[in-house]
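Please read all numbers here as calculations on a predicted model, not as lab measurements. Letters A, B, ... mirror the listed sequences (proteins, then strands); counts begin at 1.
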Amino acid sequence: MEIAPEQEAQIVRKAQMGDHAALSQLVSLYTNRIYRLALRLTGSEQDAEDVLQETFLIMIKKIKQFQMKSSFYTWLYRIAVNVGLRHLKTKPFKYQHVSIDDPDIERVSSMEAQEWPAIDYDHISRKKFRKKLDSAIEQLPEMYRTVFILRDLHELSTEDTAKILNITPSNTKIRLMRARNFLKDHLEDLVKAEAII
Amino acid sequence: MKCDPKLINKVCDYLGGDLNSEPCQIIKEHIEKCHNCDIFIDKIKKTVEIYQKADSCDCAPENVTRNLFLKLDLCEPKKSEHSK
């Protein structure tokens, strides 16, 4: 459920005064979003649950310090990303380091690029296929993965993403462009391997 | 057709921004003439769409939500108040 920003601000103020019902409402509002963020970031359901719990424990502990200068979700997402990244540091990286480059459009031009057919949404919702998509996200180094998750999966603005990650908006755009290009290449291989779209 | 490197930079800039927004006039004019860049941008857009669709299939399992509220020592609001 989405609620209006003014309504959310009201709930936040109540939560800051120690209102348990308001805290529950905030947790409930953001559970799915933070879980999905943590799942994509860590690539593991168990880790996602740990990140989810720690994020909200910190939220409850620090909510009185939130000064309403930014939106509540920016503040909460920043906590979740920091918890998630800290969590990742304790785990060995599952994949070999991959090279993330700018799109080589000149090379594409010379390859007689072929269009992809229409998207088959039923195929996308299959768990087996989604696992293949997830494995590509997991191969992205953190600095690209976090930007892709926040900008494209959670549809945050370039500015909010930059604030959360403490980077510049132009750096956010560069990282996003490279992440999208990497995932496109990965998907291109999947398209060739199976008739998915 | 070989793309002008300056145009490639502009296309790259667009690819790191808001894909739902209209590209600038220079890119629009270019992709009208350059089939490969047009396809390239379309593939990037489809990639994002596919990942968004796949991501939306996931939500916190019931036991995860239950454990969360237990851990936080809070009462879970009724279903109708749940997030998307």
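The closest donor-acceptor contact from the side chain of B:K53 to the backbone of A:I124 lies at 3.5 Å or more, if one exists at all. Judged purely by atom type and a 3.5 angstrom limit, A:Q25 has no side-chain atom pairing as donor or acceptor with the backbone of B:P77. Side-chain atoms of A:S24 come within 3.5 Å of backbone atoms of B:C75 as a donor-acceptor pair (strictly under, hydrogens ignored).
Ranked by heavy-atom pairs shorter than 4.5 Å toward chain A, the options B:V64, B:D38, B:D73 are led by B:V64. The candidate with the highest count of non-hydrogen atom pairs below 4.5 Å against chain B, out of A:R40, A:R151, A:E45, is A:R40. Contacts with chain A were tallied for B:D58, B:D42, B:D18; B:D58 has the most, counting heavy-atom pairs under 4.5 Å. Chain B forms the most heavy-atom pairs under 4.5 Å with one residue out of A:E49, A:E188, A:H20, A:R178, and that residue is A:E49. Ranked by heavy-atom pairs under 4.5 Å with chain B, the list A:L153, A:L176, A:L23, A:I137 is led by A:L153.
If you measure heavy-atom distances from A:L52 to chain B, the contacts under 4.5 Å come from both the backbone and the side chain.
Looking at B:T47 and A:R180, their side chains never come closer than 4.5 Å, going by heavy atoms from C-beta outward. Looking only at side-chain heavy atoms (C-beta outward), A:I149 and B:Y51 stay at 4.5 Å or farther from each other. Residues A:I60 and B:L74 have side chains in contact (heavy-atom distance under 4.5 Å, counting atoms from C-beta outward). When side chains are defined from C-beta on, A:F56 does not count as touching B:K71, because their heavy atoms never get closer than 4.5 Å. Residues A:N181 and B:L15 are not in side-chain contact: their nearest non-hydrogen atoms beyond the backbone lie 4.5 Å or more apart.
Inspection of non-hydrogen atoms places no residue of residues 161-172 of chain A under 4.5 Å from chain B.
Of all non-hydrogen atoms in A:S28 and B:F69, the two that sit nearest each other are N-CZ, 3.9 Å. Of all heavy-atom pairs between B:A60 and A:N32, the closest is N-OD1, 2.8 Å. Closest approach of B:K46 to A:W116, counting heavy atoms only: NZ-O, 3.0 Å.
Atom CD1 of B:I26 has 12 or fewer heavy atoms from other residues, nucleotides or ligands within 6.0 Å.
Here A:R130 contributes atom CZ and B:D55 contributes atom CG; the two are 9.5 Å apart, rounded to the nearest 0.5 Å. The distance from atom CZ of A:R36 to atom OG of B:S56, rounded to the nearest 0.5 Å, is 7.0 Å.
When the side chains of ILVMFWY residues are joined at heavy-atom separations under 4.5 Å, either directly or via intervening members, A:I34 and B:L70 end up in two distinct hydrophobic clusters. A single hydrophobic cluster is not seen to contain both A:F148 and A:I174; linkage of ILVMFWY side chains at heavy-atom distances under 4.5 Å, directly or through other members, places them apart.
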